[in-house]
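Since this is a predicted model, take the numbers as computed values, not measurements. In what follows, chains carry the letters A, B, and so on, assigned in the order in which the sequence lines appear, proteins first and then strands, with residues in each chain numbered from 1.
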Amino acid sequence: MPRLGNCLCLALSALLAGGCTTATHEGDVAASTAAALNASFVPAGQAGLDRLQQDDTQRWCTAAHGRPLPQDVAAKIESANLATIRYPADGHLTGDWRKGERIAQEGRGKQFSDDPSGPAGANCYACHRLSATELSFGTLGPSLYQYGKLRGNSVGVQRYTFGKIYNSEAFAACSNMPRFGYKAILSEQQIKDVTALLLDPASPVNQ
Amino acid sequence: MNVAHGLFALLALFVTPVALAQDATSDEIAKYRAELQKDNPAELWETRGEGIWQEKRGPRQVSLQRCDLGLGEGVVKGAYARLPRYFPDADRVQDLETRLLWCMVRLQGYTEAEARRQPFGDGNEHKSDLEALTAYVASQSRGSTMEVSLRHPKEVEAYRLGEALFFFRAGTHDFACATCHGEDGKRIRLQDLPNLTTAEGAAKAYTTWPAYRVSQGELRTFEWRLYDCFRQQRFPELVLGSDVAIALTMYLARNANGATFDAPGIKR
Amino acid sequence: MADPMKIRASLVGDSTEVKVLMSHEMESGQRKDAQGQTIPAWFIKNVTVTCNDRTVLSAQWGTAVSKNPFLSFKFKGGAKGDKITVTWTDTRGDTRTDVAAIA
Amino acid sequence: MDRRRREWMQSRGGVALVAVLAAAGWLKPARGETQLWNSAAFDSHSDGDALKALGSGGPTPSKDIVFFQTPEIAENGAVVPIGVTSNIPKTESIAILIEKNPNVLAAVFDIPSGTEPTIATRVKMAQTSNVHALVRADGKYFLATKEVKVTLGGCGG
């Protein structure tokens, strides 16, 4: 299906006698977007206007407009994010899958309407299928049902899984998945618990 | 392996019991939604909104029947399907709510603060006049063809800004509108997500707002839909009638051009 | 004051079908507000529907009827133009009556 | 307590429900008295008081009571359409009960002669539960039951 934006952009280019792909134009759009954003939002609860400031990863992914990334940009994003992952100092990569399940079900956290003193959830079920018994799951991400059963529970798998939850962009540039550790959405312990939910043989994910 | 076995294996691969359960769940939920469409409490807001539209109100005791929604003073029929648009008197692109605020201030003599006092109902006793007015005006476009213009440069500017904003990733969760609404056939939990980058997706979404929101017992406007999407995106609070609100509305309304407007609807 | 109801009454064969939407919070008394305080119960207790002067339905409701309630039923013997009157009374003693003609 | 009543109670497992039914049994339509509201019935959510009122016989399960417009699965418990038709002659009232709600009785409709014994409304359900339609016809009580599943909502709003 053709993207409307692209088609329209061509039509509009003629109208405005401006190109859609020139660097100056992209820069203009970024500048006018930033100006509009700052004038259109007010701080509320825990969400200040600083949330509108993009980091490099967000800027590069925005510029891609949903199109496939050039390989060099993808590699740049992944290596920059890989460097941010902090593995647990105690060497334990997994926690309690029962707590992980609650974190996976919980959608609150970081919204201006949320109480900032409570822990945030990961809302995994919003996008992923996990346990077989929870039918209310989303499909924005792949099914993670039997994630551990299919991959085993080796230290290597634990390390990848912890890292993926900590910073998804390290493994897939411009992934739709939040960077739960890097952006301090989840604590280290919470990431361990969600890792356990995915890998523990007793977890409902692996039944 | 004979053909029958092969076919069985193939079926087994795709038709897992959970997939079947999921389909059955979706079918039953589709029936539930169809049942709710029949008698939509949004009508209560439409009726209230019509009363507010006709009533002489504000310091100047004037009714909104002198408000020009783009098709001439007091013309409501079909107006919503042609918004947002550029209004020369305001020298700005306005969506319906922004235009209503403008008329409440310029015509009826309310202060900006008074007009903006309650953009959205609180889910309890305190209902919003603006939501009721929007429900009424939108209901008068039911069956109209979406026909949003890009003739004026400011309309073009709003559309382009809307498109840029649609892909703008930021906040604690790196979310953009496109995160949830950029692909076909996706779901969040059990809710289907329209792909708003396609004409079909934009039409399906835009032509069914405003809508009675079952989970809140409130009539919600498209401005509210944007406001609450940004809340869930972990952004700060979107200002009603702001450039961002109007630009995104313009992007989606224009992408829905040609579709038949069919709101107020009813949603989860 | 409570907002008006939406009443539809139409002839279907030899019956009159009545559909009513009412504007009411139907607060269950189970919910808590943002401060954690229980929101007191507040709901429609009684509904009466008459056709001209004849009662065609009376109902008692509890907290489980949904917010902005919906009611639909049929009765025999109505004629075009007959007056359908719906009255509700809630737990605060508020009441509202609206009228529609059979179409 | 007769055998049928005992079995019915066991099969439903609902002491509180039986209590409500008993309370509803007092619910004689007071002709001309429109503001009647049976607080004993509507307040029932515990077995205590109402058990004392188990004077009347248990309702008879009936296939002549039909649910319509009532979903198998409701996406949102805040609004669940429920329709009930009674094909039992001389139907006088129809009550809707939701077993797992904090207050079990949702609504009672008195059906005067000339009104068809069929009503539709929308109710709140706290969770997946049996929904009962209790019909009084010619002074006797009849019951039909349907389970309605309530799913989770989306990501908060």
Quiz item: Just by distance, do the side chain of T33(A) and the backbone of L165(B) share a donor-acceptor pair under 3.5 Å?
Solution: no
Quiz item: Most heavy-atom pairs under 4.5 angstrom with chain B, which of A35(A), C174(A), G141(A), A120(A)?
Solution: C174(A)
Exercise. Could you tell me the separation between the CZ atom of F235(B) and the CD atom of Q111(A), rounded to the nearest 0.5 Å?
Key: 13.0 Å
Quiz item: So, E183(B) side chain and L140(A) main chain: donor-acceptor pair closer than 3.5 Å or not?
Solution: no
Exercise. Supply the atom-to-atom distance D228(B) CG to S113(A) OG, rounded to the nearest 0.5 angstrom.
Key: 7.5 Å
Practice problem: Count the heavy atoms of every other residue, nucleotide or ligand shown that sit under 6.0 Å from NZ of K99(A), and state whether that count exceeds 12. | Solution: no
Exercise. Count the heavy atoms belonging to other residues, nucleotides or ligands that lie under 6.0 Å from CD of E112(B), then report whether that count exceeds 12.
Key: yes
Quiz prompt | Region of I185(A) in contact with chain B, defined by heavy-atom distances below 4.5 Å | solution = side chain
Quiz item: Non-hydrogen atoms of chain A under 4.5 Å away: do they reach the side chain of F166(B), the backbone, both or neither?
Solution: neither
Quiz item: Any idea which of T179(B), D243(B), L193(B) has the most non-hydrogen atom pairs under 4.5 angstrom with chain A?
Solution: T179(B)
Quiz prompt | Atom of P236(B), atom of P43(A) and distance for their closest heavy-atom approach | solution = CB-CA, 4.3 Å
Self-check item: Under 4.5 Å from any heavy atom of chain B - which part of E169(A)
Solution: side chain
Quiz item: Taking atom CZ of R59(A) as the centre, does the number of heavy atoms from other residues, nucleotides or ligands within less than 6.0 Å exceed 12?
Solution: yes
Quiz item: Which of parallel (below 30°), tilted (30 to 60°) and perpendicular (above 60°) describes H65(A) and F167(B)?
Solution: parallel
Quiz item: For Q54(A), does its backbone N or O pair with a side-chain atom of R169(B) as donor and acceptor, under 3.5 Å?
Solution: no
Practice problem: May I ask you to name which of E237(B), K186(B), Q233(B) has the most heavy-atom pairs under 4.5 Å with chain A? | Solution: E237(B)
Quiz prompt | Heavy-atom contact with chain A under 4.5 Å, split by part of A176(B) | solution = neither
Quiz item: Once you round to the nearest 0.5 Å, how far does CG of N123(A) lie from CD of Q232(B)?
Solution: 9.0 Å
Practice problem: Decide yes or no on side chain to side chain contact (heavy atoms under 4.5 Å, CB included) for R189(B) and E134(A), but give the supporting numbers first. | Solution: CA-CA 10 Å; R189(B) 286 281 186 168; E134(A) 178 55 88; 3.9 Å; yes
Practice problem: Could you tell me whether a side-chain N or O of T139(A) sits under 3.5 Å from a main-chain N or O of R187(B), the two making a donor and an acceptor? | Solution: yes
Practice problem: Look at G138(A), A47(A), S40(A) and state which one has the largest set of heavy-atom pairs under 4.5 Å with chain B. | Solution: S40(A)
Quiz item: Rounded to the nearest 0.5 Å, how far apart are CG of D174(B) and CZ of F180(A)?
Solution: 10.0 Å
Quiz item: Are more than 12 heavy atoms from other residues, nucleotides or ligands located less than 6.0 Å from atom CZ of R108(A)?
Solution: no
Practice problem: Measure L161(B) against the heavy atoms of chain A and call it side chain, backbone, both or neither at under 4.5 Å. | Solution: side chain
Quiz item: Which value, rounded to the nearest 0.5 Å, describes the distance between H173(B) atom NE2 and R51(A) atom CZ?
Solution: 8.5 Å
Quiz item: Which atoms of S175(A) come close to chain B, meaning under 4.5 Å heavy atom to heavy atom: side chain ones, backbone ones, both, or neither?
Solution: backbone
Quiz item: Near K204(B) NZ, under 6.0 Å, is it more than 12 heavy atoms from other residues, nucleotides or ligands?
Solution: no
Quiz item: For the atom pair CZ (R160(B)) and OG (S32(A)), what is the distance rounded to the nearest 0.5 Å?
Solution: 9.0 Å
Quiz item: Just wondering, more than 12 heavy atoms not from Y182(A) lying within 6.0 Å of its OH?
Solution: no
Quiz prompt | Residue pair P178(A) / T172(B), side-chain heavy-atom distance below 4.5 Å | solution = no
